[in-house]
Amino acid sequence: MPIDASLVGRAFPPTSPVPVTTEAVTAFATAIGGGATASVPPTFPIVVTFAALQDFLAAEQVELSRIVHGDQRFRYERPVVVGDELTATLTVTGVRSIGGNDIISTSSEITDASGAVVCTATATLVHRGGAS
Amino acid sequence: MTVLEPGSALEPLTYEITRADLVAYAGASGDHNPIHQDEEIARAVGLPGVIAHGMYTLALVGRAVATWTDEAEVVELGAKFVAPVVVPADGSARITVEGTVGERNADGLVPLSLQITSDGTKVLGAPKVLVRA
């Protein structure tokens, strides 16, 4: 299996920058039933975080349908605003195997176009049946 | 808007999630995991059916916080996804978000202590919300 403890500490290449446009924010806010809003929904940074997770899974040849999200946390340095351009850099912080599943812990630093940290996103991914 | 007095109750808010919402959310978030769309694939990986993105439920917490706090700045938001939210092909799943206001911390931030349930089942564990308000 490609998922093992040797991944811990490895930082993956930054994602492509994700522009925070009015259209993208409106689509996101509408999908969660909130409609148009002046402020960016706090979970909007999942867009770039998910891109980082997806790059990581592709690099490790893990099928997305075998992944269940176990935990997600955001710590914000400032609110995300329209006009931001966000990039996420993912680091694997832990890998455990429990009951035939791999539990993968990650931390992604989300930066703006100037390189300043906007938020830190930590995620736990459960790779179902990963150890079989 | 609720006054953020420590100990005061936050009005329970209930939201519905349909399969169409999940399709819209997949497009808006980039998370096209088929377990959120396709009954067969969801069952094949051992899930009880099509489930909502965990982040959909967490986004609803964000909406509730915005409603209660008049869109206060969120400094921290997170939770564990402890039970799948099964979204039926017809109809919807319901998520209720409720809780109380905590004591302002040393940094002047206000924690909200929340319970997030779907028809009485806890779906988010160890939720953490911290707002500047």
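Every chain is numbered from 1 and lettered A, B, ... according to where its sequence line falls, protein lines coming before strand lines.
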Considering only heavy atoms and a distance below 4.5 Å, find which of [options] pairs most often with chain B.
{"options": "Arg78(A), His69(A), Glu77(A)", "result": "His69(A)"}
{"options": "Ser65(A), Pro79(A), Ala121(A)", "result": "Ser65(A)"}
{"options": "Ala51(A), Gly34(A), Ala27(A)", "result": "Gly34(A)"}
{"options": "Val25(A), Val126(A), Thr26(A), Ile32(A)", "result": "Ile32(A)"}

| query | Hey, are the side chains of Arg75(A) and Val75(B) touching, using non-hydrogen atoms and a 4.5 Å cut-off? | reply |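 The answer is yes, as the side chains (C-beta and beyond) meet within the 4.5 Å cut-off.
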
Fill in: Approximate separation, where rounding is to 0.5 Å, of Ile67(A) CD1 and Asn33(B) CG
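Between Ile67(A) CD1 and Asn33(B) CG, I get 8.5 Å after rounding to 0.5 Å.
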
CZ of Phe74(A) to CE of Met55(B), rounded to nearest 0.5 Å, is 4.0 Å

Query - Part of Ile35(B) lying under 4.5 Å from any heavy atom of chain A - result: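 Answer is side chain: those atoms of Ile35(B) sit under 4.5 Å from chain A.
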
Residue from Ala20(B), Ala26(B), Ala126(B) scoring the most non-hydrogen pairs under 4.5 Å with chain A is Ala126(B)

Give the member of Ala59(B), Gly54(B), Gly62(B), Ala24(B) that has the highest number of heavy-atom pairs under 4.5 Å with chain A.
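The answer is Ala59(B).
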
Practice item. Without swapping roles, check the side chain of Asp21(B) against the backbone of Gly33(A) for a donor-acceptor pair under 3.5 Å. Key: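 Not at all, since once roles are kept as given, no pair shorter than 3.5 Å links the two residues.
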
The residue among Pro41(A), Cys119(A), Ser39(A), Pro42(A) that forms side chain to side chain contact (heavy atoms under 4.5 Å, CB included) with Val74(B) is Pro42(A)

Under 4.5 Å to a heavy atom of chain B? For Phe50(A) that would be side chain

Honestly, the part of Gln54(A) sitting under 4.5 Å from a heavy atom of chain B is side chain

- [ ] Might you confirm whether atom CD of Glu109(A) has over 12 heavy atoms from other residues, nucleotides or ligands at distances under 6.0 Å?
- [x] no

What pair of heavy atoms forms the shortest contact from Leu58(B) to Gln72(A), and how long is it?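 Scanning both residues, the minimum pair turns out to be CD2-O, 4.0 Å.
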
